[in-house]
2 protein chains.
Amino acid sequence: MATSIDGSMMRRLNKTAVFRTIYEGSPISRAEIASSLGMNKATASSLVDELIAEHFVMELGYGESRGGRKPMMLDLNKTSGYSIGIDVQITHITAALYDLSGTILHLHRDALYVRPDASAKEMLVQQLESVIRRTMALAPPSAHGIIGVGIAFPGMVNSSTGQIHYLPNLEVHDWSVHRDLVARLQIPIFVDNDANCGALAERQQRGLKQLAFINAGIGIGVGIIANGELYRGQDGISGEFGHTTIAAMGLRCSCGSYGCWEQYASERALLRYLEEGGTCHIPPFPSANFLEECVLRADAGDPHYIRAFQTVGQHIGYGLSNVINGLNPGYVIVGGNLASAARHIMNEVENVVSYRAVSVNRNVQIVIADPSTVVSGAASLVISSMLLVDVDSLADIRSV
Amino acid sequence: MATSIDGSMMRRLNKTAVFRTIYEGSPISRAEIASSLGMNKATASSLVDELIAEHFVMELGYGESRGGRKPMMLDLNKTSGYSIGIDVQITHITAALYDLSGTILHLHRDALYVRPDASAKEMLVQQLESVIRRTMALAPPSAHGIIGVGIAFPGMVNSSTGQIHYLPNLEVHDWSVHRDLVARLQIPIFVDNDANCGALAERQQRGLKQLAFINAGIGIGVGIIANGELYRGQDGISGEFGHTTIAAMGLRCSCGSYGCWEQYASERALLRYLEEGGTCHIPPFPSANFLEECVLRADAGDPHYIRAFQTVGQHIGYGLSNVINGLNPGYVIVGGNLASAARHIMNEVENVVSYRAVSVNRNVQIVIADPSTVVSGAASLVISSMLLVDVDSLADIRSV
DNA sequence: CGTAGATAGTTTATCATACAAACCAAGTTC
DNA sequence: GAACTTGGTTTGTATGATAAACTATCTACG
């Protein structure tokens with residue numbers, strides 16, 4: 001449904017633009033805000049004053065003069081509120097507390113106990129509630145308190161309805177996790193796919209308009225930032241590149257298809273390569289430290305492990321080239337569990353991409369994500385959905 | 001660069017919203033516009049009056065009463081200006097004249113003569129100028145005249161700079177076709193990739209927010225509409241799914257990679273399947289009617305041709321499933337030359353997608369494009385870039 | 001020093017825009 | 001034909017951004 005703009009809407013948009021300018025450019029003065037937004041000084045001042053009254057912004061003190069009166073520098077009032085990010089994985093759950101600036105204050109990782117049966121939802125929601133409550137208790141008292149909780153799930157999630165379609169390894173289907181958690185906690189809850197969270201975090205951190213975040217772990221998923229926004233697709237399940245074919249007549253996949261990327265480029269695939277390579281002592285799978293142990297053995301020079309990682313890297317490269325050629329993202333961030341094996345994988349990945357990417361796609365930047373990227377992206381669901389709105393989309397309006 | 005909104009900007013946005021409401025919902029009255037935009041009647045009236053004064057909108061006469069005074073129905077003043085669309089293909093060039101409503105008034109198809117050598121650009125620009133001038137001459141006199149020309153090219157194009165990166169079969173590299181044509185014609189020129197144009201046309205026609213347009217011809221490209229907007233990627237070359245791998249160790253491709261989709265699902269691939277199948281009388285390739293003749297033979301029941309088309313269809317299905325799983329488009333439109341062989345291909349395509357798409361992606365709609373989709377999308381580049389702006393993106397703003 | 005000029009920020013008056021409410025117009029329903 | 005409904009215009013008002021004048025405070029420079 002289309003909407004028109006009235007005065008109060010205009011003011012809200014402008015206030016958001018001012019807040020965003022401070023968020024991205026602090027410390028900054030009222031005068032700089034006005035000039036960088038092409039806005040009158042009086043308007044900027046008035047909006048800043050409102051933001052200060054609401055505790056979202058604070059004055060830092062006088063800055064350096066540039067030939068005249070000293071500017072009063074502004075900054076986020078970063079301790080006026082907090083957000084919580086949660087990263088749910090198969091074997092463990094990570095929770096982190098952030099202030100408004102996105103600075104991490106606490107990070108905690110617990111084992112996750114979920115039997116993949118009818119009790120899975122109940123066990124999951126109980127552990128989520130518990131970890132959220134514990135994290136909330138860590139936040140100092142503040143004007144806005146806990147603004148919300150963002151949760152990243154490893155599977156298909158509809159972020160607008162807060163519904164989980166399907167979490168493959170936990171065997172959770174069709175569950176409104178949003179409803180259940182709001183009922184228990186009475187605070188705003190945001191949910192999304194883990195790869196999407198990773199993509200959001202990278203967008204924010206690097207200020208990119210197009211990127212792909214590869215979440216490679218037990219399975220493989222992709223988060224896509226297109227035109228500066230997360231692309232979620234028609235039903236919120238875009239990015240299932242793990243189930244795109246890289247070998248039309250290849251291995252049967254659990255999804256019913258053949259030759260899916262994640263059959264060749266995942267922890268599961270690593271396990272298979274190890275088995276096929278006749279490796280003797282393979283760590284138990286899936287367990288919280290399966291990959292860790294494999295990396296240790298490769299570090300120690302075990303050729304079976306080194307070869308298995310290289311094969312994984314090569315196949316990551318095949319699928320990654322597909323993502324790159326299909327989406328021309330400019331920037332690719334590799335995250336997920338397998339990113340911790342980057343030193344055994346990335347040479348092969350880059351080698352494959354260098355000859356399979358077409359044209360300018362060969363200039364694509366490929367980098368490794370920080371391990372806490374997903375959890376911080378989950379937290380940023382809160383802040384970006386409540387505080388930031390993109391006004392840029394209106395910049396290039398032409399006349400009617 | 002961010003921007004603030006002042007009063008005149010607000011009015012421009014609202015005027016655009018009104019225009020858009022008329023564009024999409026005509027015939028419509030002032031009162032309906034106001035209520036559907038949540039806008040005051042007086043404001044809607046005033047904006048409509050401006051649009052009428054500028055000849056963009058006209059009054060049609062009184063509509064049916066709904067229990068009170070009869071409404072004055074409004075419509076686009078569709079003959080107040082015209083746009084031209086051009087579809088450049090390897091063997092021919094299609095030009096069409098449209099009014100503002102997107103109704104086609106003339107369609108003309110010429111053979112294209114371009115030697116793939118140093119003279120290519122010059123030959124191309126000459127023929128483009130000539131066909132545009134001829135089409136311009138067909139437009140009736142009007143208030144705004146020819147508003148602009150949109151051109152779809154079969155290759156990598158940067159639409160924002162008007163630069164052609166590369167047209168594979170015409171061997172044109174790095175050419176600012178925009179600059180050259182503007183210099184010759186002195187009217188606004190818009191260029192884009194053919195698959196993108198197809199995607200734009202389908203978005204407009206079907207009112208979709210997510211879709212993928214498959215342009216399958218000598219090569220294969222994909223146009224992506226994400227969140228209601230064309231996704232062009234970092235460098236404007238997104239959608240090169242033709243060069244995504246569907247067989248990691250497959251056939252060598254001209255791009256340097258192996259197993260690219262378009263090696264298996266294109267007119268070229270059809271030719272190869274025919275040769276491999278030992279077919280005797282194969283029509284010359286590439287020629288303007290290679291495919292036409294193949295379709296005729298398949299229609300006539302020649303099993304070689306039928307089998308070759310089925311194989312093409314199967315492989316279109318593989319890559320299409322990748323597009324669907326990766327992008328969750330909800331809607332897929334198959335266009336390009338090969339769409340004219342739909343009756344020999346689509347059974348296989350749908351069969352493959354039905355088991356290779358995951359989850360709700362199995363509900364994806366797959367339809368065949370009209371042959372003039374690309375050329376009308378090219379024309380719509382003009383209208384959408386000059387007349388339509390998306391205000392919807394502001395709808396879901398939350399408080400700061 | 002002290003003054004001119006520059007920069008930061010506030011105050012005041014003005015203007016543009018959307019809005020609400022009253023109003024006029026012209027139909028339907030009973 | 002009276003009461004009601006809907007479409008559209010007119011009029012007065014509130015809001016918000018702006019321009020311009022003004023205060024405050026700094027640097028530069030003679």
Spacing of [X] atom [atom1] relative to [N] atom [atom2], expressed in whole Å:
| X | N | atom1 | atom2 | answer |
| --- | --- | --- | --- | --- |
| B/E59 | D/dG7 | CD | P | 15 Å |
| A/I33 | D/dA17 | CD1 | P | 14 Å |
| A/D49 | C/dA8 | CG | C1' | 13 Å |

Which atoms form the tightest heavy-atom contact between [X] and [Y], and what is the distance?
| X | Y | result |
| --- | --- | --- |
| B/Y98 | B/S372 | OH-O, 4.2 Å |
| B/H178 | B/T161 | CB-O, 4.4 Å |
| B/G38 | A/S4 | O-OG, 3.7 Å |

With the threshold set at under 4.0 Å for non-hydrogen atoms, list the residues of residues 70-78 of chain A touching DNA chain D in residue-number order. A/K70

Any donor-acceptor pair under 3.5 Å linking the side-chain atoms of [Y] with those of [X]?
| X | Y | value |
| --- | --- | --- |
| B/S46 | B/R11 | yes |
| B/S160 | B/N158 | yes |
| B/S26 | B/D75 | yes |
| B/Y231 | B/Q210 | no |

Between the base of D/dG7 and the side chain of B/R69, is there any donor-acceptor pair under 3.5 Å? yes

In B/S/- notation (B base, S sugar-phosphate only, - none; protein heavy atoms under 4.0 Å), nucleotides 15-22 of chain C written 5' to 3' is --SSBB--

Any [X] side-chain nitrogen or oxygen under 4.0 Å from OP1 or OP2 of [N]:
| X | N | answer |
| --- | --- | --- |
| A/S45 | C/dG9 | no |
| A/R66 | C/dA8 | yes |
| B/R30 | D/dT9 | yes |
| B/S29 | D/dG8 | yes |

Walk me through it: do A/H144 and A/F56 pass the test ring pair (Phe, Tyr, Trp, His ring centres under 6.0 Å)? CA-CA 9 Å; A/H144 299 104; A/F56 284 114; 4.3 Å; yes

Measuring from B/S29:OG to B/I22:CD1, what's the distance to the nearest 0.5 Å? 10.0 Å

